[in-house]
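One structure below.
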Protein chains: 2
Amino acid sequence: MNTLQLTSTDRATLMRSRFFARLPQSTFEDVLNSASVSACEERDVLFRQDEDVDDVFFVLSGLVRLCRMGKDGREADVALFSEGEMLAETAMFLRQRATASAVAAKKSVIARLNGGKLQHLAATDHEVAQALIEHLCYRGKMTEDLLAEDRLLTATQRVANFILSHCPKDSTSFRLPFQKNILAGKLGLAPEALSRAFSTLRQSGVTVRGRLIEIHDRHALERF
Amino acid sequence: MNTLQLTSTDRATLMRSRFFARLPQSTFEDVLNSASVSACEERDVLFRQDEDVDDVFFVLSGLVRLCRMGKDGREADVALFSEGEMLAETAMFLRQRATASAVAAKKSVIARLNGGKLQHLAATDHEVAQALIEHLCYRGKMTEDLLAEDRLLTATQRVANFILSHCPKDSTSFRLPFQKNILAGKLGLAPEALSRAFSTLRQSGVTVRGRLIEIHDRHALERF
DNA sequence: CGCCGAGTTGAGAACTCTCAAATACAGTGG
DNA sequence: CCACTGTATTTGAGAGTTCTCAACTCGGCG
């Protein structure tokens with residue numbers, strides 16, 4: 001997990017992101033001044049549950065898993081952040097310890113923005129506050145979506161859903177953006193259950209070869 | 001669902017609430033000017049999934065269930081709001097249709113705040129924006145808590161948790177604030193499963209008579 | 001006294017998990 | 001390009017949990 005310089009690609013990623021895209025250049029520079037960048041290997045920990053977290057993290061590339069652990073050592077993912085997404089605002093604004101751990105789910109580059117700085121900006125700059133509000137609404141909806149899926153759908157239905165929502169409308173195939181392992185976590189399934197769901201879907205026109213998913217009959221998936 | 005006047009008790013409830021407590025009186029009055037109040041019976045619908053929602057709702061008394069429905073007619077609760085809580089900000093800020101329905105879970109009094117007004121305030125008044133940010137963080141955490149519980153705990157553990165977190169630290173008993181039915185929904189369980197969980201807990205020192213819960217051995221519950 | 005809604009209990013079905021074994025793959029060093 | 005090693009993924013079998021449906025209890029009410 002060593003320190004890097006912010007490349008111009010990184011800057012571009014930040015500026016394209018949901019959060020920064022709507023902010024003026026000057027605010028953006030202002031935030032960046034107190035930011036640091038680091039390279040993480042898979043399994044590197046950004047912060048741990050119950051720790052104090054003073055920074056806000058931003059995924060420049062790679063993937064970060066947010067997971068909670070139960071007392072018996074089991075753990076459950078509650079969110080997955082990929083390139084261009086921001087995490088860990090909640091702890092800061094609620095002045096609480098982290099309620100989950102953040103772990104790189106693959107080789108990643110992470111920007112660490114100064115929390116105090118951001119908090120100050122949120123309190124004084126309308127645009128920042130606005131962007132934050134939207135970001136939080138978005139995040140809330142994501143989590144709610146996951147909860148509703150867990151409660152309403154079977155494993156196979158959740159997987160069908162995922163495929164439908166990740167395959168471009170004008171295409172019949174796409175590549176999984178991460179290991180099946182990780183997907184299982186995101187969907188709240190044991191890896192074996194994911195595997196079985198895929199093989200059920202095979203029988204209704206889904207081909208899975210490695211990370212390549214092909215859909216032969218979109219309509220069959222929607223029926224699930 | 002007929003229109004009421006805002007009583008002084010209602011005003012007090014609003015001012016005590018997480019959201020309004022930190023705002024100055026004048027802002028508070030400003031919001032109230034464009035608010036209306038209505039009395040709801042159990043099962044009255046505040047808004048339905050996929051509808052446009054332009055207002056923000058506030059529970060003055062009673063209980064509101066936020067639920068999503070699956071295509072097969074099943075439905076899952078994703079949140080439960082009681083006295084002093086606010087709902088439906090997300091749709092407004094994301095400019096989306098509602099992703100869930102809101103239904104009174106018992107006789108309730110609901111304030112309906114003008115969404116445009118609130119949105120305007122959020123964009124111009126730092127205090128309002130700040131309050132909103134905290135509110136959203138809080139809500140996000142609640143949802144995340146639910147998701148994590150669903151994924152990490154068994155039915156019995158979730159119920160034990162609920163009991164522990166609702167029984168005052170200095171007491172050995174408390175009353176459920178709503179029907180078991182509703183509790184089952186909140187915990188993501190079928191009513192039968194909740195019932196069975198209670199009877200499992202009975203064997204480790206929990207007495208349930210109607211809505212009265214007594215804990216004889218707090219420690220036994222924590223062990224679950 | 002019979003009805004009704006809430007809650008409980010029983011039984012079997014449906015899902016998902018866990019553990020173990022078999023494969024498939026990817027990266028490494030020849 | 002190949003063998004080798006460690007990590008993913010798949011599959012099988014059995015166990016565990018929760019759901020569904022149906023019957024039954026309980027307390028309140030007309």
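So you know, we letter chains A, B, ... as the sequences are listed, proteins then strands, and number each from 1. All heavy atoms count here, side chains included; hydrogens, waters and symmetry mates do not. Since this is a predicted model, take the numbers as computed values, not measurements.
- Computed from coordinates, the A/Leu176 CG to D/dA8 P distance equals 15 Å when rounded to whole Å.
- Taking a 6.0 Å sphere around NZ of A/Lys71, one finds it holds more than 12 heavy atoms contributed by other residues, nucleotides or ligands.
- For the pair A/Glu89 (side chain) and A/Leu136 (backbone), a donor-acceptor distance under 3.5 Å is absent.
- B/Phe178 has its CZ atom 16 Å from the C1' atom of C/dG7, to the nearest Å.
- The side chain of B/Lys180 lies closest to C/dT8 when the candidates are D/dA8, C/dT8, D/dT10.
- Between A/Phe47 and A/Phe57, the two ring planes are tilted [angle within 30° to 60°].
- Distance from the side chain of A/Leu189 is smallest for C/dC17 among the nucleotides C/dG7, C/dC17, D/dA8.
- To the nearest 0.5 Å, atom CD of residue A/Glu75 and atom CG of residue B/Leu152 are 9.0 Å apart.
- To the nearest angstrom, P of C/dT18 lies 12 Å from CD of A/Glu75.
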Each nucleotide of nucleotides 23-30 of chain D classed B (base within 4.0 Å of a protein heavy atom), S (only sugar-phosphate) or -, in 5' to 3' order, makes --------
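- Sorted by first and then second residue, the ring-ring contact (aromatic ring centres under 6.0 Å, His included) pairs with a member in residues 194-221 of chain B form an empty list; sequence neighbours excluded.
- A salt bridge does not link A/Arg139 with A/Glu85: every distance from a Lys NZ or Arg NE/NH1/NH2 to an Asp or Glu carboxylate oxygen is 4.0 Å or more.
- Atoms CZ (B/Phe198) and P (C/dT9) sit 12 Å apart, rounded to a whole Å.
- A/Arg74 comes within 4.0 angstrom of sugar-phosphate atoms only, judged by non-hydrogen atoms across all strands, and of no base.
- If you measure from atom CZ of A/Arg43 to atom C1' of D/dG6, you get 12 Å, rounded to the nearest angstrom.
- With respect to the salt-bridge test (charged N to carboxylate O, under 4.0 angstrom), the residues A/Asp77 and A/Arg65 qualify.
- Cation-pi geometry between A/Arg112 and A/Phe58 is not met at under 6.0 angstrom from the ring centre and within 45 degrees of the axis.
- Candidate nucleotides C/dT16, D/dT9, C/dT18 were compared by shortest atom distance to the side chain of A/Ala190, and C/dT18 ranks first.
- For the pair B/Leu194 CG and D/dT18 P, the computed distance is 12 Å after rounding to whole Å.
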Protein-nucleotides 13-17 of chain D N/O pairs closer than 3.5 Å?
from   : atom 1 : to       : atom 2 : distance (Å)
D/dA13 : N6     : A/Arg196 : NH2    : 3.1

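- Bending across the helix from C/dC1-D/dG30 to C/dG30-D/dC1, expressed as the angle between its end axes from five pairs apiece, amounts to 30° (10° rounding).
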(message) Under the criterion side-chain hydrogen bond (donor to acceptor under 3.5 Å, both in side chains), I'd like the reasoning laid out for B/Thr13 against B/Asp10: C-alpha separation, chi angles, the key distance, then a yes or no.
(response) CA-CA 5 Å; B/Thr13 304; B/Asp10 293 341; 5.1 Å; no
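- Whole-Å rounding puts the A/Arg151 CZ to C/dT16 P distance at 16 Å.
- A heavy atom closer than 4.0 Å to some atom of DNA chain C occurs in no member of residues 207-217 of chain A.
- Taking atom NZ of residue A/Lys106 and atom C1' of nucleotide D/dA8, one finds them 15 Å apart after rounding to whole Å.
- Between the side chain of B/Glu134 and the backbone N or O of B/Ala131 there is no donor-acceptor pair closer than 3.5 Å.
- Within the structure, the ring-ring contact (aromatic ring centres under 6.0 Å, His included) test picks out the following pairs touching residues 154-184 of chain A (sequence neighbours left out): A/Phe162-A/His166.
- Taking for each of B/Gln179 and A/Arg158 the nucleotide of DNA chain C with the nearest heavy atom, the 5'-most of the two is the partner of B/Gln179.
- B/Lys106 has no carboxylate O lying under 4.0 Å from a charged side-chain N of B/Glu41, or vice versa, which leaves the two without a salt bridge.
- Expressed to the nearest 0.5 Å, how far OG1 of B/Thr99 lies from CZ of B/Arg68 amounts to 4.0 Å.
- Here A/Lys186 does not pair with A/Glu149 in a salt bridge; the nearest charged N to carboxylate O distance is not below 4.0 Å.
- A donor-acceptor contact under 3.5 angstrom links the side-chain atoms of A/Glu192 to the base of C/dC19.
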